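In this text, all values refer to a predicted model and were calculated from it rather than measured experimentally. Note that these values count all heavy atoms, side chains included, but never hydrogens, waters or copies made by symmetry. In each ligand, atom 1 is the first atom listed, and ligand 1 is the first ligand listed.
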Amino acid sequence: MATNTQTQVNKDKLIIFDTSLRDGEQSPGVSLNTEEKIEIAKQMSRLGVDVLEAGFPIASIGDFEAVQRIAREAGPLMEGREKIGQPMTICGLARSTPADIKRCAEAIADAPRRRIHVFLATSDLHLKYKLKIDREECVKRAVAAVTLAKSLVDDVEFSPEDAGRSDREFLCHVLSKVVEAGATTLNIPDTVGYNLPTEYGSLIKHLVENVQGADKIVFSTHCHNDLGLATANTLSGIQNGARQVEVTINGIGERAGNTAMEEVVMAVHTHPTFFPVHHTINTELFFPTSRMVSELSGMVVQPNKAIVGRNAFLHESGIHQDGVLKNRQTYEIITPESVGVTDIALVLGKHSGRNALRSRGAEMGFNLDETAFQRVFEDFKALCDSKKTVADDEIRAIFTKESRPI
Ligand code: KIV
Ligand code: ZN
């Protein structure tokens with residue numbers, strides 16, 4: 001058996017498993033070349049990701065080579081991970097067939113820490129129509145796959161695809177069997193983003209309580225966003241015992257995407273009493289990482305996207321701007337700096353008030369008496385009626401008309 005560091009079950013640690021390069025790359029229209037994947041993989045390592053799913057090696061020669069180069073070039077990196085004390089685990093995906101599993105093992109072989117992630121559908125719908133096998137055959141294939149993977153690496157993850165719509169008792173049976181065969185992580189995919197938060201949380205709880213050998217393994221969430229519930233479901237999974245989350249940067253992924261890493265980490269970060277776990281993510285790298293993934297993948301980040309959207313820290317209304325100028329916490333639950341956003345300015349537009357305009361003028365070096373400032377404010381409001389937001393150059397011009405810079 002290959003030497004490898006086995007997953008330790010630490011009930012306080014939240015393992016961050018990034019699948020931007022695998023499930024994320026399955027976003028319609030996204031295709032990353034090998035150099036781009038390596039650049040993203042290195043950034044994930046600096047970000048503090050614990051496990052990186054680098055790809056699906058059997059899918060194509062290109063995918064195999066990309067996973068292999070990531071294993072060699074990003075796998076051993078320690079820069080930025082000194083506090084974590086170990087390099088990122090490189091994981092490859094495999095269906096439950098010998099060819100997939102062997103190809104995957106070959107691709108990740110040079111990573112100091114490596115994992116094989118095997119999956120097989122367990123819902124009756126998938127068994128009947130997609131795989132055309134019965135439950136008994138499903139258990140046989142899952143056990144054989146995990147047994148083979150375990151003979152190649154120590155760290156084996158198993159995913160019952162479409163777990164969110166699988167029969168719970170059957171799920172417990174399959175999962176108990178794969179734990180016996182050597183799986184160290186059980187990932188529970190809501191493959192089609194169907195579950196509600198209470199439903200997904202209760203599924204995790206049921207599995208934690210009923211899978212044989214559950215105390216020796218890590219339960220993992222894997223949620224899709226078809227109903228816009230991926231983050232809520234993931235958080236519910238953590239509250240019910242999951243200690244690994246499968247996520248992507250910006251929530252990229254199949255159809256409506258996967259759970260966004262930045263949302264889950266910041267939710268956990270801001271609510272320590274709800275989530276008594278620690279993570280090793282350097283949150284200050286979220287914004288630059290989001291921009292990198294967006295630029296390389298061609299997937300635009302919506303302006304109102306939580307945490308990393310262009311508007312996430314912009315305040316437009318006068319009441320909010322006034323509050324933020326007095327104390328940022330009035331309208332900010334996290335600081336922009338804590339997620340790497342450094343060039344925040346108040347957006348000046350028709351909803352802005354006097355305080356925001358005066359503050360921007362002061363930043364530009366203008367200090368007017370009340371009468372002159374009143375004229376500036378009137379000019380500003382007149383300009384706002386003709387456009388959505390007023391640019392700094394225009395603000396400077398209005399102030400300059402009334403005064404000279406001090
Ligand atoms: O959504 C899913 O079921 C998957 C599996 C391959 C883990 O991505
Ligand atoms: Zn998925």
Other residues, nucleotides and ligands only: do more than 12 of their heavy atoms fall within 6.0 Å of [atom1] on [X]?
{"X": "K83", "atom1": "NZ", "result": "no"}
{"X": "Q212", "atom1": "CD", "result": "no"}
{"X": "L125", "atom1": "CG", "result": "yes"}
{"X": "Y194", "atom1": "OH", "result": "no"}

For the Zn ion (ligand 2), decide whether E254 has an N, O or S atom at a distance under 2.8 Å.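 No N, O or S atom of E254 is closer than 2.8 Å to the Zn ion (ligand 2), so no.
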Can you check salt bridge (charged side-chain N to carboxylate O under 4.0 Å, His left out) on D379 and K401, steps first, answer last? CA-CA 10 Å; D379 286 354; K401 216 171 83 188; 2.9 Å; yes
Checking E378 against R375 for the salt bridge (charged side-chain N to carboxylate O under 4.0 Å, His left out) test, could you report, in this order, the C-alpha distance in whole Å, the side-chain angles of both residues, the deciding distance, and whether it holds? CA-CA 5 Å; E378 281 160 18; R375 286 196 298 271; over 6 Å; no
Atom of D23 closest to the Zn ion (ligand 2), considering N, O or S atoms: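 Sorting the N, O and S atoms of D23 by distance to the Zn ion (ligand 2) puts OD2 first.
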Of all N/O/S atoms in H222, the name of the one nearest the Zn ion (ligand 2): NE2
Atoms of ligand 1 less than 4.0 Å from [X] heavy atoms?
{"X": "H117", "value": "7 (C)"}
{"X": "E161", "value": "3 (O)"}
{"X": "P189", "value": "2 (C), 3 (O)"}
{"X": "S159", "value": "7 (C)"}
{"X": "H224", "value": "1 (O)"}

Closest protein heavy atom to atom 3 (O) of ligand 1, given as residue, atom name and distance to 0.1 Å: T191 OG1, 2.7 Å
Among all protein non-hydrogen atoms, which one is nearest to atom 8 (O) of ligand 1, and what is the separation to 0.1 Å?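 Among all protein heavy atoms, the one nearest atom 8 (O) of ligand 1 is R22 NH2, 3.0 Å.
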Check D124 with R165, please: is the shortest side-chain N to carboxylate O separation under 4.0 Å? no
Proximity to ligand 1 by part of E246, non-hydrogen separation under 4.0 Å: neither
Side chain, backbone, both or neither: which part of E157 has a heavy atom under 4.0 Å from ligand 1? neither
Using the side-chain contact (heavy atoms from CB on, under 4.5 Å) rule, pick out the option among N187, I15, L186 that qualifies with V218. I15
Taking both backbone and side-chain atoms of H222, is any N or O found less than 3.5 Å from an N or O belonging to ligand 1?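 N/O-N/O distance below 3.5 Å exists for this pair.
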Are any of the N/O atoms in D23 less than 3.5 Å from those in ligand 1? yes
Does NZ or CZ of R22 fall inside the cone over F56's six-membered ring, less than 6.0 Å from its centre and within 45° of the axis? no
